[in-house]
Structure formats: structure tokens, C-alpha cells
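Report on the following structure.
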There are 2 protein chains.
Amino acid sequence: MRTPRRIPEVTIARLPLYHRGLVDLAKTHSVTVSSEELAELAGVNAAKVRKDLSYLGTYGTRGVGYDVDNLLHQISRELGLTQNWPVVIVGIGNLGRALAGYGGFSTRGFEVAALLDSDPSKRGQKVGELVVRPTSELAEIVKARAVAIGIIATPAPAAQAVADQLVAAGVSSLLNFSPTLLVVPDHVAVRRVDLALELQILSFHHHHRDPTGPDAEYPDELSIGLGALSASVRPRRGAATTGSVRPATKCRGLA
Amino acid sequence: MRTPRRIPEVTIARLPLYHRGLVDLAKTHSVTVSSEELAELAGVNAAKVRKDLSYLGTYGTRGVGYDVDNLLHQISRELGLTQNWPVVIVGIGNLGRALAGYGGFSTRGFEVAALLDSDPSKRGQKVGELVVRPTSELAEIVKARAVAIGIIATPAPAAQAVADQLVAAGVSSLLNFSPTLLVVPDHVAVRRVDLALELQILSFHHHHRDPTGPDAEYPDELSIGLGALSASVRPRRGAATTGSVRPATKCRGLA
DNA sequence: TCATGTGAATCCGTTCACAGCC
DNA sequence: GGCTGTGAACGGATTCACATGA
């Protein structure tokens, strides 16, 4: 199949999962992988893997599976990960500093090009290899380094203004860590990571968990797959219980 | 309407958005709010707001709207935010430290009960008000403080073992910041925040943006709503452009 | 008159199941 | 025989549009 179809957003959000699985497989020198195996690594089911991959093209071999290296390459190409994208982090508080030091970025296709903060007292501070620069230099840096992605780690009240500046400077994608709804032009892609919001969703589940509670005593294998809110089990040993274990598949969109 | 229906997961994920909008409205002493206004604050459409809220019960008044205080209370109750939930953070590296200092938790219904790290050299370090304690004390702390939610900010290789310990100690919800697929019993809710994955999704959009590129010159109002990947516009002023601006609505699940 | 609440219609993603090909 | 690729069936979420009731 050729690749003229538009790829659904949900599929795009899963490609990084397959990507990661394939990277792991490549490390173990696996040559081919079946949709079943890849599904397990990504925490989805095999039909979904096949459907998702079919949007990219026909890269599998019937009766055999997918060539690990080739599929990894195709997904990387589709995600635009064959090059390293420069990103800027705006707002160098606790979170910004943590992001600046996060190793996962460099190993997965991104490079922190600059750290920016409007607070004059932060100017010149070193964070790892980088020095904090004033936000006034934003446009200049974005253009000089062809920055593709802006990460907003400022307090909420500053987020919209920073987004405006990033967009004005030519950044086409924003990752917003502030609990704010950004207003941006249509061509700008935004993703939000709202930490408290995640906790609030978990709070709902905790609040509505099985009323017998986690302190009720059950034999280890009781939990009879009624979904995430089914019977409570408290394993005694550190290792996962034998019966009622499932890969965590809750993080739509984000994961 | 009574509330016997099961609330869809997508609706649950939006309740925190409404919650935040209502908190803002309450601050301005608004008495009532229409589905339209609340929709704007949350970045969704009015029909969705009404449908979502109808799952909770019949709290609106036809011809008038929703009472801000009452609706806020109902949503808080549904999310389990009428009490402060104690959480523990495991893994006090850059990210764990940032999370420990994140003000948004305490203001939105959560309290960091303890910081844990297996590295003996971290033991006793102070982070804000709290002292880093060894992971061996995990079970004890979880029980003593009735910890509901565990936040995993360890390196990937340690994440599963930490999750096992948290589950064994009785924690029912996990927020996983490591790029790992956790295997847990059915009754445990997991949400994942994968920073590099978010960037990879943005990378896709940047990579596939309109080929005319952000440097093509257009009159400001050109962008004719073809969705997020439509014609490129580069606003000149910091403020949002007049024509082609839309609230960012991309973060499913997570936002 | 006005905005909610909700069946009905629609859209979209998931899953099924099997034809097609190695 | 085995696994992919994909139409078709299914299910769930979104949107529509209007009856309902303040």
C-alpha cells in the first residue's frame, strides 16, 4: 500500500511507543518482530499495531513479521527523528532546570539549544553546560538556531505571553507545562503536560475504587479482570502477582 | 437526572479542566456560568460540556446556566478533591526535586507526604521542607500516612521495581514519569507522563507542517482553517493574530 | 426567551476475521 | 503454516438539534 492516507492523531501518538520498542529490539540485535511482540512492548494489542503501521506503508512481510531496522527507520522518518531538533526551554525554575538536565531528550532526537528566563537574577546562571539567557534574546536565538520546538515551563500567568513570543519568532510547536490554555494560530501545534491534572484524574480513580478497599484481605489471585477498578488485591511480594497483572495502558494521548 | 451511569474515561479526563475554569470563575465572584463560557475556559465546545456535566447529575438551570459554587463543589466531590491526598515521590533526581517543589500540587488537592530515594548519598538531603528518606521506609510511610498516590521519577530501569513496592505497600494509583511500561494488578490505576514522547509527537507535526514553511510571507489573516497543519502564518506582533487563532485543544487524555 | 439536558445522527477509532502472500 | 494487511462490523465519543423547563 502506498501512503496517501492521513495518519490519525491517535496513531501518531502511538508511533513513539513503537519507536521505543524497536530501539530496544535493535539493541538485542533482533532481526524481525511480529505485530504481537511489538504490541506487547508498546502495551497495545496486535491488531492496533498492524493497523497503525499500515498507515505508514507496507513494511511487513506476511508470514514473517517486520524487519526491525527497516521499521525503526521508517517510523523515525515519519516522526522526523532522523535529525536532531533544537528546542528552547523558557522558564528556568525547578521544572525548567529539571527539563534542562533531562537525559532523555538528547537520546531521543532533541537537543536543548538554549535556556531562557525573564528574571534578571537568573541571567548567566549555569545549568549543566548551558547558561540562562534573557527572554529578550528569544527571537534571535530561535532564528539563529532554527529552533523548532519551544518548551514553556514558566508560571501560568507568563505562559501566554511566552507562547506569543515563541510563535512570533517562528516556532511551530509548543510543549506547555503550565496549567493554562494557550491561544495560538492554527498552524502551531501545542501539547500540554499538566501535572496536577494527572493527579486529579488519579484521584478520581482512587476515590471511586472498589469499596472493599485495599486493606481487605484476598488471596493473591482473586482479582477477576473487571478493568482498572475491579477487586482489590494487595500483593505481598515485590514482584508482580501472577494472576491479575496487566500492562498499564491508561495514558491516552500522552503515552 | 440521577447519576447511575458510568462516567466515560474521556469525561473524567476533562473534569479537571472544568474544575480549573470554575476555580477561576469563583475567584472573580461569578455566580453562574453557561456551558458556552465554561467551554471557552476549558478549550472544548459547549455541547461537550453539557454532555459531560450531565453524567454527574442535573446541576444546571435551564435558561440560566450552572451555579459556579455548586458545580465546583459537585466536580470536586466527584474527583475526590474535597480532601487533600497524600502522595509520595520516589526518585529524587532533577525531576523528583522539581516535582517536590511544584506549588501546583498543594493548591490543587495534594500534599507531598514524603520523598524517597534508594541512593544512600541522597539520604537526609533537604528539599524544601522535606528530607529525603531511604526507599526501605516506603511501606512504613505509605501505611502511616495512608498514601494514595505514588509518583515515580526514577530512571527507567528502577521504575518497575518501585512500582511493585508501591503496589505492595497499598498504593492504588501511580503517576509514572519514566519511559517505561509498568505492569501492575488490575485495580491499580496508572498514568504516564513521557516527556520525550511528547516532543516526538510535536516533531511529527513540525516535520509535516505546511511545506511553504513558516518563513513564507503571507498577509496575517490568510490561514483558512484547515486544521492544525493548515497554511502557515507568522504574526509580527507578540499578541495573537486576529484571524487564525484557536485555543489549543490537542492534549487528549493528558489535558 | 434562553440555556440546559438528551435522544438521534454522525464521526472516528478499535476490533474482528479472513483473504493474500511469504 | 504463519503473519501481515485490510475491508467490515462494532462500539464509543462527539456533535446536532430540539424538547423541556426555568
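Here is the naming used below: chain letters follow the sequence lines, and residue numbers restart at 1 for every chain.
- The 5' end of DNA chain C is approached more closely, in terms of each residue's nearest nucleotide, by A:A47 than by the other of A:V64 and A:A47.
- Taking every side-chain heavy atom of B:K48 into account, D:dT14 is the closest of D:dT14, D:dA19, D:dC16.
- Closest to the B:Y66 side chain, of the nucleotides C:dC21, D:dT14, C:dT4, is C:dT4.
- The environment of A:Q83 atom CD is dense: over 12 non-hydrogen atoms of other residues, nucleotides or ligands sit within 6.0 angstrom.
- The heavy-atom pair separating B:T180 from B:A159 by the smallest distance is OG1-CB, 4.0 Å.
- Taken to the nearest 0.5 Å, the CD1 atom of B:I149 stands 7.0 Å off from the NE2 atom of A:H206.
- In the set C:dT15, D:dG5, D:dG21, D:dG5 carries the atom at the smallest distance from any side-chain atom of A:S54.
- In this structure, CG of B:L53 is placed 13 Å from C1' of C:dT6, rounded to the nearest angstrom.
- Which of C:dA3, D:dC16, C:dT15 sits closest to the side chain of A:N45 comes down to C:dT15.
- Rounded to whole angstrom, the span from the CZ atom of B:R62 across to the P atom of C:dT4 amounts to 10 Å.
- Summarising the geometry, the separation between CG on B:D67 and C1' on D:dA22 is reported as 15 Å, rounded to the nearest angstrom.
- Minimum heavy-atom separation, B:R6 to B:Y55: O-CD2, 4.2 Å.
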Inset, instruction - Apply the test side-chain hydrogen bond (donor to acceptor under 3.5 Å, both in side chains) to residues B:H205 and A:S172: give CA-CA distance (whole Å), side-chain angles for both, the deciding distance (0.1 Å), then the verdict. - result: CA-CA 8 Å; B:H205 289 300; A:S172 75; over 6 Å; no
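- Side-chain atoms of B:S35 lie closest to C:dT4 of the nucleotides C:dG5, C:dT4, C:dG7.
- Residue side chain B:R50 does not reach the base of C:dT4 through any donor-acceptor N/O pair under 3.5 Å, judged by distance alone.
- Atom OH in B:Y59 sits roughly 12 Å away from atom P in C:dT6 (whole-Å rounding).
- Counting only heavy atoms from C-beta on, B:K51 has its side chain closest to C:dG7 among D:dC16, D:dA13, C:dG7.
- In the set C:dG5, C:dT14, D:dG5, the nucleotide with an atom closest to the side chain of A:V10 is C:dT14.
- Comparing A:T11 and A:T61 by the nucleotide of DNA chain C whose heavy atom lies nearest to each, the residue mapping closer to the 5' end is A:T11.
- If you take CG of A:D52 and P of D:dG5, they are 12 Å apart, rounded to a whole angstrom.
- Straight-line distance from the CD1 atom of A:I7 to the P atom of C:dC12: 16 Å, rounded to whole Å.
- Taking atom OH of B:Y55 as the reference point, atom P of D:dG12 lies 11 Å away to the nearest angstrom.
- Look at CD on A:E37: it is 9 Å from P on D:dC3, rounded to the nearest Å.
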